[in-house]
Amino acid sequence: MIKSPEKIKEQIEFWFFKYHVKPKEEFNGEEKFTLYHLLSDSLKAEIEGKVKLRNSELPVLVLHIEGSNYIINSTERFIQIENSRVETIDYKDFEWHTGFESLIANRTSSGEITSIKHDGEISKFGIRKRNGEIKYWKIPTGSPGFAFWNVTKKCELIGRKYQIVTK
């Protein structure tokens, strides 16, 4: 299927709203997993200073990990920003998520175990490429992590079915 970057952006946003069962107006850009265009201009400038977007590539969603660490879902790829390091996985190379590496997100100093279902922790999350390689990126546990998992697993369709065309 041939789609423009704008149509792919609309498709990703549709998946995002469908998962959350909320309209666009209920998001403000302060959520851990949110719409990129709702971020403050200063944060967008900071991110775009670290990431070189391709000619017709549009940033769509952003998952805030912690500090200045993010994962951006663009119309073409996952973009991980970890401090000043950037790593990407094109959707054409993305096969599926393998989920959290462990059901345990963290162990507190008292030995208490926190589950990946608990908000507020960070845990390794697997992204499997078509060549079988699995990249483990740290993402938030709980609601933001599961939203990211469920919304972005559909990006496999973009890489497999869509041909991006620009005017």
Side-chain angles (χ1 to χ4, degrees), residues 1-29 31-39 43-44 47-48 50-65 69-82 85-103 116-117 119 122-167:
M1 294 173 66
I2 297 173
K3 289 202 179 217
S4 69
E6 189 57 45
K7 289 293 183 190
I8 291 173
K9 179 181 184 242
E10 289 171 10
Q11 180 66 63
I12 294 170
E13 288 177 343
F14 171 79
W15 294 329
F16 180 82
F17 297 130
K18 184 175 180 185
Y19 175 80
H20 285 288
V21 195
K22 293 198 284 190
K24 184 181 286 191
E25 298 75 33
E26 290 192 32
F27 293 90
N28 63 20
E31 301 84 9
K32 277 283 213 188
F33 186 44
T34 195
L35 299 159
Y36 186 85
H37 76 274
L38 293 177
L39 297 178
L43 182 52
K44 286 190 275 191
I47 289 170
E48 290 167 18
K50 295 177 182 180
V51 174
K52 182 166 175 41
L53 293 172
R54 297 170 182 162
N55 275 347
S56 60
E57 182 178 25
L58 302 172
V60 183
L61 304 175
V62 61
L63 176 66
H64 181 223
I65 311 304
N69 299 340
Y70 300 90
I71 296 176
I72 308 301
N73 285 91
S74 77
T75 50
E76 298 181 24
R77 59 192 168 146
F78 296 104
I79 305 167
Q80 179 204 43
I81 303 167
E82 193 172 287
R85 187 180 69 82
V86 175
E87 183 176 12
T88 68
I89 298 175
D90 284 16
Y91 297 146
K92 65 181 175 53
D93 298 325
F94 169 59
E95 185 173 66
W96 206 249
H97 296 310
T98 61
F100 288 99
E101 184 180 53
S102 170
L103 296 177
I116 58 169
K117 293 183 179 185
D119 284 349
I122 304 292
S123 190
K124 289 182 181 177
F125 183 82
I127 300 172
R128 185 174 53 235
K129 295 170 68 175
R130 292 194 187 283
N131 67 5
E133 178 184 10
I134 299 174
K135 292 284 191 174
Y136 286 97
W137 291 352
K138 293 178 182 176
I139 71 168
T141 59
S143 296
F146 285 99
F148 174 80
W149 182 347
N150 282 286
V151 172
T152 65
K153 69 184 178 186
K154 294 177 171 72
C155 291
E156 177 271 340
L157 291 171
I158 296 169
R160 185 170 48 87
K161 285 190 162 189
Y162 298 166
Q163 179 184 353
I164 302 171
V165 295
T166 57
K167 294 178 183 180

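Computed from a predicted model, the values in this text were never measured in an experiment.
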| Taking the side chain as C-beta and beyond, is there a heavy-atom pair between P140 and I65 under 4.5 Å? | yes
| message | Can you list everything that forms a side chain to side chain donor-acceptor pair (under 3.5 Å) with Y36? Sequence neighbours excluded, please. | response | E48
| query | Who pairs with E87 by salt bridge (charged side-chain N to carboxylate O under 4.0 Å, His left out), at least two apart in sequence or on another chain? | reply | R85, K135
| said: Suppose we screen for side chain to side chain donor-acceptor pair (under 3.5 Å). Which residues come up paired with D93, at least two apart in sequence or across chains? | reply: none
| said: Run the salt bridge (charged side-chain N to carboxylate O under 4.0 Å, His left out) test against E6 and tell me which residues pass, sequence neighbours left out. | reply: none
| query | Quick one: are N69 and I122 in side-chain contact, heavy atoms under 4.5 Å? | reply | no
| request: Can you sort out the partners of H97 under side chain to side chain contact (heavy atoms under 4.5 Å, CB included), two or more places apart, ordered by chain and number? | output: F78, F94, F125, I127, F148, W149, T152, K153
| query | For the residue pair F100 and F146, is the inter-centroid distance of their aromatic rings smaller than 6.0 Å? | reply | yes
| field | Under the side chain to side chain contact (heavy atoms under 4.5 Å, CB included) test, residues paired with I134 that sit two or more places apart | value | T98, R128, Y136
| query | What pairs of residues pass the salt bridge (Lys or Arg N to Asp or Glu O under 4.0 Å) test when at least one of them lies in residues 56-65, not counting sequence neighbours? | reply | E57-R77
| task | Using side chain to side chain donor-acceptor pair (under 3.5 Å) as the criterion, list what pairs up with H20, not counting sequence neighbours. | result | none
| Criterion side chain to side chain contact (heavy atoms under 4.5 Å, CB included) against I79, the qualifying member of V62, I71, L53 | L53
| query | Do E82 and K50 sit within salt-bridge range, that is, some charged N less than 4.0 Å from a carboxylate O? | reply | no
| Who are the side chain to side chain donor-acceptor pair (under 3.5 Å) partners of Y91, not counting sequence neighbours? | N73
| task | For side-chain contact (heavy atoms from CB on, under 4.5 Å), just list the numbers for L43 and Y70, CA-CA rounded to whole Å, side-chain angles, deciding distance to a tenth of an Å, and then say yes or no. | result | CA-CA 11 Å; L43 182 52; Y70 300 90; 3.2 Å; yes
| query | What pairs with E31 under side chain to side chain contact (heavy atoms under 4.5 Å, CB included), at least two apart in sequence or on another chain? | reply | F27, N28, T34
| Sequence-distant partners of K22, salt bridge (charged side-chain N to carboxylate O under 4.0 Å, His left out), two or more places apart | none
| message | My understanding is that only residues two or more places apart in sequence, or in another chain, count here; which of them pass salt bridge (charged side-chain N to carboxylate O under 4.0 Å, His left out) with K18? | response | none
| note | Heavy-atom nearest pair, L157 first then R160, reads CD2-NH2, 3.1 Å
| said: With a 6.0 Å cut-off (strictly less than), is the heavy-atom count around NZ of K138, excluding the residue itself, greater than 12? | reply: no
| Side-chain contact, heavy-atom cut-off 4.5 Å: E95 with E133? | no
| task | Answer yes or no: is there a side-chain heavy-atom contact under 4.5 Å between K24 and E13? | result | yes
| request: Kindly give the heavy-atom pair with the smallest separation between I12 and T75, and that separation in Å. | output: CD1-CA, 4.3 Å
| task | Please report the shortest heavy-atom distance between K44 and H37, naming the atom on each side. | result | NZ-O, 3.3 Å
